[in-house]
Every structure is written in C-alpha cells, then in structure tokens.
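Read through the structure below, which is laid out as structure tokens, and then see the notes.
Note that the coordinates shown come from a computational prediction; the quantities given were computed from them, not determined experimentally.
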Amino acid sequence: MGWFRRPAAAAAPRVSVLHGGAKTAAGGAALLSARRVVTCAHVVNDALGRELYTTAPPADDALHLAFHGPGAAQHRTARLVVWVPPQWGASAMVWQGDLAVLELEEPAPQWLSPVVWRDMAEGQRLRAWHGGGEAIAFADTEVKLQEGRFGYLDGQLSGAAIGPGFSGGPLWATEDATVVGLVVAHVMPGEGPMSPQATVRRSWAVPWQAIRDELERAGAADTVAECAVRGRYGTAACADGSTAAGFAAELWSLLGDPARRAQHARTLAALFGYEPPPGESAPAVEELAQLLASEERALASLSESLAPTLQDGHARAGLDRLLALGRLTGTARLLSLDEHRSLLRELRPAVVADAALLPRAAREALRYIAPPRSLSGARLDPRDLDAAVTELEAYRDGGRPADGISPVPALLTLVEYAAAATAPPVRAALHAWSERVAARLGCHPAALQLRRADATAWAAYRPSPVVRLVAEISGPPDRYACALWEVRQDGATASLVTADEPRSGAEIARLIREAAETARDDGGQGVTHVDIVVDRDGLQLPFDEWEAASSVEFLPRIPLGVKFRIALRCPEVSARAPRREAELRRRWESAHTGPLVVDENCASPEKVYALLETSHRDTAQVVLHGPPAPREALLQLCLALGVPVVLWDRAAQSHEHADRLDGIAPSGPLHQLPERIQHFRAEQYGASVPSPARPSLVWENTELPLPGGLELLDPAEGADIR
C-alpha cells in the first residue's frame with residue numbers, strides 16, 4: 001500500500017440525476033468540476049421520459065440533480081452541453097458511447113470536490129452507489145477484464161449487486177477514493193452466450209480512458225482539461241520514471257534526514273487527504289518523489305512548508321532546482337493547494353463585482369505575451385475564474401532572472417495589476433498573497449515592488465474613451481477566426497481578442513457586445529460603430545444578423561446590426577489593386593458625395609467601369625441593385641477602383657427589388673448613412689411584417705486606419721504608447 005494511503009471510499013459523496021418533476025433517480029453522475037457533471041446518455045434519456053437508447057440529442061430541457069453528502073440533499077438544475085449517444089457495435093450485449101456532460105446552472109455545493117480520475121485496470125476493487133443517493137445502497141465489485149472501451153465487472157455473491165439505477169454513477173477505487181469509470185449497465189440474461197446463471201453479478205462500465213477519448217472526439221477537450229487526473233499510484237508521471245528520479249535526487253539533499261522528511265511528509269499527507277501510518281516513520285525518498293510526480297500541487301505545497309526552514313543559499317538553490325524540474329516536466333502547478341484556494345477566495349468577489357477587471361488588467365500586465373483564452377474577451381465569467389488561474393500558472397515572466405534570483409511569474413504580475421484596481425481591503429489581501437508566494441518562489445522583493453509600482457501607475461491612468469471596435473473575421477462558414485481591437489478617441493488602439501481558435505457567430509457577437517458594454521462601464525459614452533474587416537469571400541456574410549447575448553443576464557439577445565452601426569472593410573483588395581489606397585483618399589477629398597445608382601440601365605461591368613472612370617470619377621458612394629452573381633462582380637469592381645462606400649441588399653434577387661432600400665434613403669446625406677441603416681434594422685427587428693431587405697455596407701474611411709497587424713502606422717499625436 002505504501003506510506004501515502006488514501007482512506008477507503010466508504011462515504012463518498014453522491015450525485016443523482018432525477019426524473020423530471022419527481023424525486024426518484026434515473027441514475028448517478030460524477031462531478032467533473034464546480035459546474036459540470038458527466039453521466040450516461042441513456043440516464044438523461046430516462047430522466048426526460050425518452051426511450052433509453054434514443055440517439056438524437058434531447059431538446060433544451062432542464063435536468064434535475066441532487067447532491068448527497070452531509071445534511072440534507074442539495075438540488076441543482078443543469079443543461080446538456082455534450083452528447084455522445086449510445087451506439088451499438090458488433091456485440092449485441094454492450095454498446096459504445098453513451099455519455100452526457102451536463103452544465104449546472106449554479107456551482108455544486110462547496111463541500112463536494114470533483115472526482116479524481118485514474119485509468120481502469122484489471123484487478124481493481126471498486127464501489128458503486130445507486131443513483132438514489134442512500135449511503136446503504138452501495139455495491140462492491142472488481143474489474144475482471146478491461147478490453148478497449150469496456151470494463152467488465154464481477155461482484156461477489158454477498159452484499160448488494162449493481163442493477164437498475166446505478167447507471168452513470170462513478171466507480172470508486174476502494175483503496176484510494178479515485179474514480180476509474182462510470183457504471184453503464186448490468187449484463188442481462190437471455191441474449192448471446194450468457195445464461196441467467198452467468199449474469200448474476202456481471203456488469204460493465206466505461207473506463208476513464210474511454211471517457212477521455214469519447215469527450216475529446218466529441219469536441220469537448222476543454223471539459224477533459226478541467227478534470228483532475230492521477231496516474232496509477234506507484235508510477236512516475238513520465239513513462240520512463242525520469243521525473244520521479246529527478247525529484248528524488250534533489251530530495252536527498254533537502255530531506256535526507258528521516259525525521260525532517262517525516263515532518264514535511266505528514267504536512268503534505270494532511271493537505272491531500274492521505275492517511276500515513278501511525279508512529280514516527282518517514283516515507284522513502286523515492287515514494288515521496290513519486291507523489292510529487294503524480295499530485296500536480298504537491299511540489300508547490302511541499303516547498304511552502306520547506307522554504308521557511310532553509311538555512312543557507314545552497315539549500316535554497318536545491319529547492320529552486322526542484323521547482324524548475326517540476327515546471328520543465330509539466331508535472332507541477334505553480335501554486336500550492338493553499339495558495340490556489342486563497343487566491344480564488346480573494347479574487348472571486350472582485351470578479352463578481354467587476355467582470356472586466358482581469359481581462360482589463362491582463363491587457364496591460366501581459367502585453368508582451370498572448371493572453372490565455374479565458375482572458376481574451378472583454379469580461380470574465382466568475383465561473384471561469386478557476387480555469388483562468390490554472391491557465392496563467394503555466395505562463396512565465398518575460399524577463400531573465402538576475403544573479404540567480406527567480407523572476408516574478410506572469411500570474412503574480414497580473415494579481416498585482418488586479419489588486420491596484422480594487423478597493424483597499426481586497427488590495428491589501430492580494431498584496432499579502434503575492435508577497436507570500438513570491439517569497440516561497442525566491443523572487444526578490446524589489447522585483448515584486450517594481451511590478452506593484454507599474455500596476456499602481458496603470459490603475460491611476462485615465463485613457464481616452466473608446467469610440468469604435470474593429471473585428472477582423474475570417475474562416476469557413478459557421479466557425480470563424482476573430483481578432484478584436486478597441487479604438488480610442490485619441491487614435492490609440494488596443495488588442496482585446498486574438499484570433500487563436502475558431503468561434504461561432506454568436507460567440508463573436510457576444511465578444512463584441514461585451515467589449516462595447518465594458519468600454520461604456522469604464523466611463524466612455526458608448527460604442528456605436530463596429531468595423532468588420534473581411535476578405536472578399538466574407539463580404540456577403542450576415543454579420544449584422546448575428547445575435548449578441550449580453551453579460552447582463554436580464555438584457556435580451558439582439559442582432560449586431562441593431563445594436564451597432566456595422567460597416568465592412570476589405571483591405572485585401574488593396575493587395576490586388578495597388579492604386580486603391582490613393583483612389584480612396586482622392587474620392588473622399590473630392591466632396592462629391594452624390595451616389596452612382598447601378599440599376600438595369602447600367603448593370604454591366606463595362607458600363608459601371610466607364611462611369612466610375614469618367615462622369616463619376618469623384619463619386620464616393622455606389623448603390624448596387626440586381627441579382628446576386630452580377631452584383632457581387634460589380635462590388636469587387638467598385639472596391640478595386642477605390643470607391644469608399646458601397647451599399648447593396650444581399651437578399652435582392654433582381655432589379656425589381658431595388659425599392660426595398662428606399663427606407664434607408666440611399667441618396668440622403670452620406671455621413672448619416674450608417675445611422676440610417678441601423679435605424680432601419682431596428683425598425684424591422686421584431687416587426688410583424690418585416691422588410692425582406694438585408695442591407696450591407698462597405699465603408700472604407702481613410703481617416704480611421706486599421707489597427708493591429710493589418711497596417712503599420714505612426715501613432716496619433718497624444719496617443720498613449722507606453
């Protein structure tokens with residue numbers, strides 16, 4: 001068993017998936033994180049009153065869950081976020097898939113921790129509970145055969161047996177309270193080679209290995225990343241054992257004395273829920289090294305108790321090497337168990353009060369490194385705070401350490417910036433936290449004070465208000481890469497979102513709306529203009545129809561084109577038409593703003609080209625009518641000739657639909673055109689008989705240069721370029 005032993009799973013907390021409107025359980029579930037649980041898809045079907053093996057995902061119905069532990073059960077509602085339906089394979093007795101991940105409407109009870117997974121293996125002794133949640137309703141079993149996606153279980157002919165109602169519940173290893181898989185079903189007699197006598201105590205399960213693979217295949221890699229996972233105890237994190245061996249080499253110099261090792265090992269055991277043997281014995285150095293290689297916060301927690309006791313620079317250097325090995329091998333988190341809990345406890349109220357705090361601080365504190373995805377938007381959902389901290393733990397400071405002193409990690413730098421923008425009591429608590437962690441890591445106090453001074457200056461600075469957002473969107477239909485910038489009144493720009501991974505139209509719309517709401521909350525007058533930068537293939541996409549959810553839960557979703565004045569920009573054309581930039585400026589400066597209206601009388605490319613080169617050479621606006629294919633060709637022509645403003649109805653099918661744009665007054669004052677289009681969309685949104693028109697607008701304003709990597713420009717006079 002070893003020196004570090006976990007208590008048996010005799011009183012493991014239990015999660016029930018309930019039948020809708022009833023108190024009876026359809027099955028069990030395992031808690032993956034504070035907001036997510038996993039169960040079997042057929043349990044969800046049963047809870048919703050559907051046929052057990054229905055493969056189509058259920059409608060957006062609320063599911064009811066009960067959490068059983070100390071005191072009365074606590075109830076939550078949840079919604080399906082990942083669906084892997086039951087799939088029959090070659091066998092008529094077992095099936096594949098059968099997984100469902102549910103997201104809770106509010107976090108699980110604080111007394112309930114997510115399960116810790118490990119691989120299923122033959123010979124493991126396991127315990128499962130009925131979904132009803134009663135402590136007495138448990139069944140003991142053993143893994144007799146683990147074959148690919150299936151684990152086959154046999155129970156002894158004593159005590160309770162796995163049966164109906166156990167499905168979806170976790171299989172707890174009785175020796176250490178880890179979870180190795182989910183119960184799927186009891187093997188029923190009458191089919192195949194299994195007689196009633198052969199199936200008395202035989203059940204089958206989906207192992208953790210299969211759960212992980214199925215969720216990743218279903219596009220839920222982020223859910224898998226949230227799971228707490230432990231390798232089978234007694235093996236190092238690396239297959240060749242090099243990580244544990246490296247830890248052991250440094251541990252001999254730091255904790256070679258058994259009495260000293262026992263003192264720190266018992267502190268570690270208490271933190272992580274292990275039961276050391278009675279007496280004054282100490283674990284072997286190799287066993288302690290194995291624990292450090294398998295518990296991701298064990299190394300930081302050991303250093304937390306060890307650092308204050310080190311008497312000389314040689315011992316401190318040994319601890320630094322130990323911490324560096326943990327970082328290099330990826331087996332150790334930056335923060336100890338207590339540091340992690342303390343940071344979340346101090347930060348959460350601040351994030352709840354100001355969801356823009358951490359993303360805003362990250363744009364300055366992490367300005368020279370790509371921010372984590374969780375902080376790439378304008379706001380951070382408090383539910384995602386844990387994930388954001390976990391991501392930031394992997395970041396390093398950009399500077400090199402001087403004289404062997406450890407640099408200040410990026411997470412501590414961000415905490416300093418967040419602290420500078422919070423109320424004094426929270427600021428003091430976060431400062432104390434940073435000082436404690438920095439001291440453990442060996443960071444020089446002067447380095448931390450420098451970060452603190454920079455953060456204080458940043459918090460005191462009042463930038464020019466944000467007046468415009470610029471989104472660069474590209475990619476295949478339905479999933480797009482999106483980069484987002486804010487443009488301030490003085491011309492300064494700042495990156496809000498990097499194009500790191502594909503997003504849906506609704507996700508992008510939410511990012512834009514949240515950025516605008518954050519800018520207003522920071523003292524701006526409200527963002528009304530959004531420029532969307534596209535390539536030529538993106539000019540026909542319905543960006544204005546993408547519905548944007550608000551970070552304020554009681555405000556409704558609303559299309560971007562109703563909320564903002566949307567204008568398209570297509571700098572790609574300039575690469576193919578080198579004279580375009582000069583033509584754009586010349587047409588704007590001509591002051592001739594009367595539009596060229598392209599109707600059936602001048603619908604050929606040759607005619608439009610001739611007009612734009614002669615009588616309408618100074619025209620800044622073209623209105624395009626006609627069917628889609630010819631209209632798209634004319635749009636490309638207008639852009640290549642440097643026409644800065646082009647208006648068309650992307651839903652029009654012929655010239656007979658030209659009057660659909662009359663409500664916009666295309667020939668009205670040019671500078672009011674974006675506002676008139678926004679008002680038109682607002683009037684039609686939710687109307688009983690809405691107009692079929694879908695106006696689109698290209699507006700290339702040479703006085704509003706594009707930010708980011710799109711164009712290199714000198715900063716505007718007075719712009720903040722720190």
Side-chain angles (χ1 to χ4, degrees), residues 335 339-340 342-369 371-389 391-393 395 397-398 408-438 443 447-466 484-486 488-490 492-497 511 514-527 551-552 720-722:
L335 302 182
E339 291 165 350
H340 181 253
S342 298
L343 179 60
L344 295 180
R345 184 177 62 249
E346 301 298 342
L347 268 183
R348 196 174 302 281
V351 173
V352 170
D354 180 7
L357 172 65
L358 286 186
R360 186 171 69 248
R363 290 197 291 274
E364 183 67 19
L366 310 178
R367 58 159 56 191
Y368 300 115
I369 55 179
R373 188 183 188 279
S374 55
L375 296 178
S376 63
R379 295 171 181 263
L380 175 68
D381 189 320
R383 294 176 295 182
D384 297 328
L385 176 59
D386 196 351
V389 169
E391 284 186 272
L392 284 163
E393 286 185 90
Y395 279 59
D397 189 285
V408 179
L411 175 59
L412 269 67
T413 301
L414 178 61
V415 169
E416 286 294 326
Y417 276 79
T422 58
V426 178
R427 186 182 313 147
L430 291 175
H431 282 169
W433 180 90
S434 293
E435 291 164 4
R436 187 169 68 253
V437 177
C443 304
L448 184 63
Q449 288 300 324
L450 181 60
R451 301 295 190 277
R452 186 167 297 174
D454 290 342
T456 301
W458 165 78
Y461 175 69
R462 293 295 176 264
S464 176
V466 177
L484 183 64
W485 294 265
E486 62 181 17
R488 297 188 176 273
Q489 195 171 59
D490 61 3
T493 63
S495 173
L496 300 180
V497 177
L511 285 175
E514 285 184 349
E517 291 174 345
T518 300
R520 184 188 62 234
D521 293 344
D522 287 344
Q525 297 180 352
V527 175
S551 57
V552 182
D720 174 33
I721 56 173
R722 293 182 300 161

Evaluate the side-chain proximity of Leu414 to Leu375: yes if any heavy-atom separation is below 4.5 Å, no if none is.
yes
Minimum heavy-atom separation for Ala418 and Ala361, please, with both atom names.
N-CB, 4.1 Å
Which distance, rounded to the nearest 0.5 Å, do you find between the CD of Glu514 and the CG of Leu380?
10.0 Å
Test item: Glu393 side-chain N/O and Leu335 main-chain N/O as donor-acceptor pair under 3.5 Å:
yes
Would you say Thr518 and Leu496 make side-chain contact, with heavy atoms under 4.5 Å?
no
Shortest non-hydrogen pair, Leu392 vs Leu366, comes out as CD2-CD1, 3.7 Å
Residue Gln489 excluded, over 12 heavy atoms near CD under 6.0 Å
no
Is any side-chain heavy atom of Val352 closer than 4.5 Å to one of Pro382?
yes
Could you check whether any side-chain heavy atom of Glu364 comes within less than 4.5 Å of a side-chain heavy atom of Tyr417, counting everything from C-beta outward?
yes
Would you call Arg436 and Ser342 a side-chain contact if the rule is heavy atoms closer than 4.5 Å?
yes
Side chains of Arg360 and Trp458, heavy atoms from C-beta outward: is any pair under 4.5 Å?
yes
To the nearest 0.5 angstrom, please state how far the CZ atom of Arg379 sits from the CG atom of Leu358.
13.0 Å
Heavy atoms only: give me the nearest Glu435-Gln449 pair and the separation to one decimal.
OE2-NE2, 4.5 Å
Ser434 versus Arg452, closest heavy-atom pair with distance
CB-NH2, 4.4 Å
Minimum heavy-atom distance between Arg363 and Arg367, given as atom pair plus value
O-CB, 3.4 Å
Which heavy-atom pair separates Ala420 from Ala455 by the least distance, and what is that distance?
CB-O, 3.5 Å
Just by modelled atom types, is the Ser464 backbone N or O under 3.5 Å from a matching donor or acceptor in the Arg488 side chain?
yes
Rounded to the nearest 0.5 Å, the OG1 atom of Thr413 sits from the CG atom of Asp454 at a distance of 9.0 Å
Report the residue from Leu412, Val415, Asp386, Leu385 that forms a side chain to side chain contact (heavy atoms under 4.5 Å, CB included) with Leu343.
Val415
